[in-house]
Protein chains: 2
Amino acid sequence: MEMIEHDKRKCPSHLSGDECTARLLPVKDALDILSGKWKLQIILSLTFGKKRFKQIQREIPGLTPKMLSKELKELEINELASRHVYDTSPVTVEYELTPYGKTLRPLIGELHKWGTKHRKRIIARK
Amino acid sequence: MEMIEHDKRKCPSHLSGDECTARLLPVKDALDILSGKWKLQIILSLTFGKKRFKQIQREIPGLTPKMLSKELKELEINELASRHVYDTSPVTVEYELTPYGKTLRPLIGELHKWGTKHRKRIIARK
DNA sequence: TATACCGCTTTCCTAAAGTATACTGGTATC
DNA sequence: GATACCAGTATACTTTAGGAAAGCGGTATA
């Protein structure tokens, strides 16, 4: 039996393998921001207004303070959320999406759009 | 010290907590499709034409056959890639992005757009 | 017969992500 | 004094993702 002719194309010739992966880095960055078990829910929670720590935790069943704390820190580091401490008693800490954080919305919208179609497709198939 | 007035908004009033998480499901679906250490690279590799198993593996340094096999199966299950076996010797198996799989491109484009801005922002800050 | 290629699978292992549970310091309330 | 709330932290554990190495069935080639 004879061999089949194979397309040897890998990346377009003007891109080295390294350049290919380099182009993927920003995509991975964006993905990392949104991945993790609780990130989306937390971001969603904050899109409806500023929230206190306990308030977020209560809204999201199963979310432990450790995870919430960790995820909020990541959002802060990435300048997507801001933290405000008020000297009340008991102390009040509020989290809020930054204007920059709100730029995620269209992106999440796109994910939602594609995901919705995909859901229909996969569910319909079964 | 007095308490601060807190915004009691959680989800918009017409959405229950459950509906909120339901709206996130499609987003998670889309995210799951793209997350994992090798998915993007494999998809990218396939956007440049159909490829054989070993060919993909050679293109992506560090990718083990186990992982490649697993990821390709997931892509197949989700109808994003198709698998064609040819009765040559040694056997030839080709993978290809389906037309449906190609609908990921604009989505990945959006992730790339946001990720690029984010990269600039975070690197500039340091 | 020995070796090599293809397209995988199997087994075992490590590292990272996430969970459960308890606890802290500070203030207020019973 | 005991208890409760807030905003977390600390420690130990489990679960999942991914990696390393070997092997398999089939065919070809030296």
Side-chain angles (χ1 to χ4, degrees), chain A residues 1-8 21 24 28 31-43 45-46 50-77 81-96, chain B residues 1-8 21 24 28 31-43 45-46 50-77 81-96:
Chain A
M1 242 147 223
E2 61 188 334
M3 287 293 281
I4 286 178
E5 256 307 289
H6 284 105
D7 192 339
K8 293 294 186 301
T21 58
L24 283 181
K28 287 197 173 158
L31 241 29
D32 280 351
I33 295 284
L34 298 174
S35 69
K37 195 169 172 187
W38 305 103
K39 281 268 174 55
L40 275 174
Q41 286 175 81
I42 294 169
I43 291 170
S45 165
L46 292 180
K50 44 183 153 177
K51 296 274 171 64
R52 297 177 62 172
F53 191 91
K54 266 281 144 110
Q55 209 176 349
I56 302 172
Q57 207 196 323
R58 269 190 299 257
E59 274 180 35
I60 306 178
L63 176 54
T64 62
K66 178 185 163 187
M67 275 297 121
L68 178 53
S69 170
K70 191 195 124 214
E71 306 278 53
L72 285 171
K73 269 174 196 156
E74 283 181 43
L75 290 176
E76 244 199 295
I77 285 171
S82 55
R83 182 175 181 269
H84 309 281
V85 184
Y86 300 99
D87 190 12
T88 53
S89 64
V91 63
T92 299
V93 181
E94 279 185 348
Y95 292 90
E96 189 176 9
Chain B
M1 242 148 224
E2 61 188 333
M3 288 291 281
I4 285 178
E5 256 306 290
H6 285 104
D7 192 338
K8 292 295 188 298
T21 60
L24 283 180
K28 287 197 173 158
L31 241 29
D32 280 349
I33 296 282
L34 298 175
S35 68
K37 194 169 172 187
W38 305 103
K39 281 269 173 55
L40 276 174
Q41 286 175 82
I42 293 169
I43 292 171
S45 164
L46 292 179
K50 45 183 153 180
K51 296 275 170 64
R52 296 177 62 174
F53 191 91
K54 267 279 145 111
Q55 209 176 348
I56 302 171
Q57 209 197 321
R58 270 191 298 258
E59 273 181 35
I60 305 177
L63 176 52
T64 63
K66 176 187 161 184
M67 275 296 122
L68 177 53
S69 169
K70 192 194 123 213
E71 307 278 52
L72 285 172
K73 268 175 198 154
E74 283 181 42
L75 290 175
E76 243 200 296
I77 286 171
S82 55
R83 182 175 182 270
H84 308 281
V85 184
Y86 300 99
D87 190 12
T88 53
S89 62
V91 64
T92 301
V93 181
E94 279 184 347
Y95 293 89
E96 189 176 11

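Letters go in sequence order (proteins before strands), and every chain restarts at 1.
Applying the side chain to side chain donor-acceptor pair (under 3.5 Å) criterion to A:E76, with sequence neighbours excluded, gives no partner residue. Legend: residues meeting side-chain contact (heavy atoms from CB on, under 4.5 Å) with B:K37, ordered by chain and number and at least two apart, are absent. With sequence neighbours excluded, the residues that form a side-chain contact (heavy atoms from CB on, under 4.5 Å) with B:K66 are B:T64. When the side-chain contact (heavy atoms from CB on, under 4.5 Å) test is applied to B:S69, the partners found at least two apart in sequence or on another chain are B:F53, B:K73. Legend: residues meeting salt bridge (Lys or Arg N to Asp or Glu O under 4.0 Å) with A:K28, ordered by chain and number and at least two apart, are absent.
Here the side chain of A:Q57 pairs a donor or acceptor atom with the backbone of A:L63 at under 3.5 angstrom.
Rounded to a whole Å, the NZ atom of B:K54 is 7 Å from the C1' atom of C:dC6. The distance between atom NZ of A:K50 and atom C1' of D:dA7, rounded to the nearest whole Å, is 18 Å. Taking atom OH of B:Y86 as the reference point, atom P of C:dG7 lies 12 Å away to the nearest angstrom. In this structure, B:Q55 places its CD atom 16 Å from P of C:dC5, rounding to the nearest Å. The interatomic distance linking B:K37 (NZ) with C:dA17 (C1') rounds to 15 Å, in whole Å. The separation between B:E94 atom CD and C:dG7 atom C1' is 13 Å, rounded to whole Å.
Nearest-nucleotide positions on DNA chain D place A:Q57 closer to the 5' end than the other of B:W38 and A:Q57.
Using a 4.0 Å cut-off, some side-chain N or O of A:Y95 falls inside it from OP1 or OP2 of D:dG8.
For DNA chain C, the neighbouring residues in residues 62-75 of chain B, judged by any heavy atom under 4.0 Å, are B:P65, B:K66, B:S69, B:K73.
Here the rule is side-chain hydrogen bond (donor to acceptor under 3.5 Å, both in side chains) with B:Y95, and of B:K50, B:K51, B:R83, B:R52 only B:R83 fits it.
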Considering only nitrogen or oxygen atoms on both sides, find all protein atoms under 3.5 Å from nucleotides 24-27 of chain C and state each distance.
{"from": "C:dT27", "atom 1": "O3'", "to": "A:S89", "atom 2": "OG", "distance (Å)": "3.0"}

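End-to-end axis angle of the helix from C:dT1-D:dA30 to C:dC30-D:dG1, from C1' rotation axes over five pairs per end: 30° (rounded to 10 degrees).
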